[in-house]
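These notes are about the structure you will find just below.
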Amino acid sequence: MSLIVAKFGGTSVASPERIKGVARRLAAMHDAGNQVVAVVSAMGKTTDELMGLANAVNADPPARELDRLLSTGEQVSMTLLALALEAMGYPAISFTGRQAGIETNGTHNRAKIVRVRNERILEALSAGKIPVVAGFQGIDANGDITTLGRGGSDTTAVAVAWGIDADVCEIYSDVDGVYTTDPRIAPRARKLDVVTYDEMLELSSVGAGVLQSRAVEFAKKWGVVIHSRSAFSEAEGTYVREESRMEQAVITGIAHDKSEMKVTIRHVPDTTGVAAKVFTALGENSVNMDMIIQNTSLDGATDISFTCPAADLPKAKETIEAVLPEIGAASYDVDEDIAKVSLVGTGMKSTPGVSARAFRTLGENNINILAISTSPIRLSMVIEASEAQRAVQVLHTAFELDSESVFEETQLSAEEIAAKMNKGR
Ligand code: ASP
Ligand code: MG
């Protein structure tokens with residue numbers, strides 16, 4: 001018998017039929033002798049729709065009111081799920097964030113959980129009921145409703161799991177786990193049995209978002225084991241936990257991200273304090289820089305490049321145009337057709353030569369590397385966007401991640417593969 005927290009994402013509760021399906025799944029877990037607590041997201045695209053309604057009456061809705069409104073989405077799904085369970089003869093009780101004891105700070109729209117009171121959930125469990133908790137929301141010290149940021153139901157689930165000391169926090173979605181890479185890009189991608197918290201965090205930060213990063217950070221801090229699995233099949237998914245695998249691969253996964261751009265400032269005078277001026281100005285205008293490259297100087301001038309989200313382009317342009325005359329640089333250009341390909345794996349720490357192997361692989365395939373950055377368990381390379389797919393494939397093979405069976409051979413349709421990898425929950 002286990003104590004399980006089971007979180008269901010928006011797609012899994014998108015219709016009354018699906019809610020009944022979730023209820024059947026919870027009932028089966030209960031019948032198997034487990035104690036189970038459900039956490040739910042809002043139905044389908046409800047949160048977006050509520051946001052749209054708010055914007056239709058107020059272009060800049062106050063954060064407190066917005067939270068009040070958004071929190072209603074999860075309150076609908078939690079109640080419907082409890083009703084569905086009751087209809088099947090399983091006693092259930094729904095709880096809002098406040099009732100479930102999720103206490104947060106007062107930062108509306110992206111509140112942090114400061115405390116979890118577990119009494120009501122434990123009471124319900126010992127009375128033989130299935131508690132159903134509204135994800136994404138909490139209560140601040142003033143008694144105002146807060147929300148935890150988009151995708152925040154994952155964080156609620158982890159917090160509840162920690163609060164009641166559950167054996168596992170199961171996160172059900174339309175994705176059946178974490179893959180070595182995107183199967184739409186590399187048909188030989190494999191589902192991973194286990195990833196460590198750090199690997200999961202690195203993978204999400206470079207474009208492979210299966211779980212909300214905040215939730216993974218909390219899980220790591222609190223030692224909560226996450227099991228990311230499909231709401232639509234019985235198959236085991238991927239465990240996210242501290243322990244690494246028995247047989248350690250050098251690389252666990254490869255992610256790619258086309259959402260960044262590269263800006264190069266030409267002919268910057270090579271004098272003290274120039275870089276500081278440029279990057280202070282960019283920082284002050286909230287341009288989120290990722291990689292920075294300064295070339296060796298020729299004749300006392302140098303080129304400085306950096307990458308940042310393409311969405312920051314207007315802010316970046318404005319900032320650079322303002323500082324160009326100040327620092328005496330010649331011009332700048334923007335390259336939006338880039339992709340960042342990242343290798344992630346804790347195995348990297350103990351294996352020398354990973355970068356050399358990656359560079360060699362790309363070199364042999366005539367793929368030019370424009371920029372490089374690393375962390376202890378990640379190697380990221382910026383290349384031309386048109387080469388991204390090929391780069392992922394050749395690296396996947398070079399680092400021995402290919403599975404024997406090809407995705408196409410499993411007779412999944414393109415849509416099914418897309419659904420597996422669908423990032424929006
Ligand atoms: N309903 C919220 C959202 O769409 C929270 C969640 O789904 O986790 O972001
Ligand atoms: Mg959602």
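Counting starts at 1 for both ligands and their atoms, in listed order.
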One finds that the ligand 1 atoms under 4.0 Å from a non-hydrogen atom of Arg150 are 3 (C), 4 (O), 9 (O)
Just to check, does Gly151 reach to within less than 4.0 Å of ligand 1 when the distance is taken from its heavy atoms? yes
Handout entry: Test: Glu170 and Lys7 ion pair at under 4.0 Å
Key = no
Just to check, does Gly152 reach to within less than 4.0 Å of ligand 1 when the distance is taken from its heavy atoms?
yes
| So, is the end of the Arg357 side chain (NZ or CZ) under 6.0 Å from the ring centre of Phe399 and within 45° of the ring's axis? | yes
Here the gap from Asp333 atom CG to Ile265 atom CD1, rounded to the nearest 0.5 Å, amounts to 10.0 Å
State whether a side-chain donor-acceptor pair under 3.5 Å links Thr307 with Glu260. yes
Numbered in order shown, the ligand 1 atoms found under 4.0 Å of a heavy atom of Ser41 are 6 (C), 7 (O), 8 (O)
| field | Pair His108, Thr147: side-chain N/O donor-acceptor within cut-off below 3.5 Å | value | no
Polar contacts were defined as any N/O atom of the residue lying under 3.5 Å from an N/O atom of the ligand; does this apply to Lys7 and ligand 1?
no
Any heavy atom of Glu74 under 4.0 Å from ligand 1? The part involved is side chain
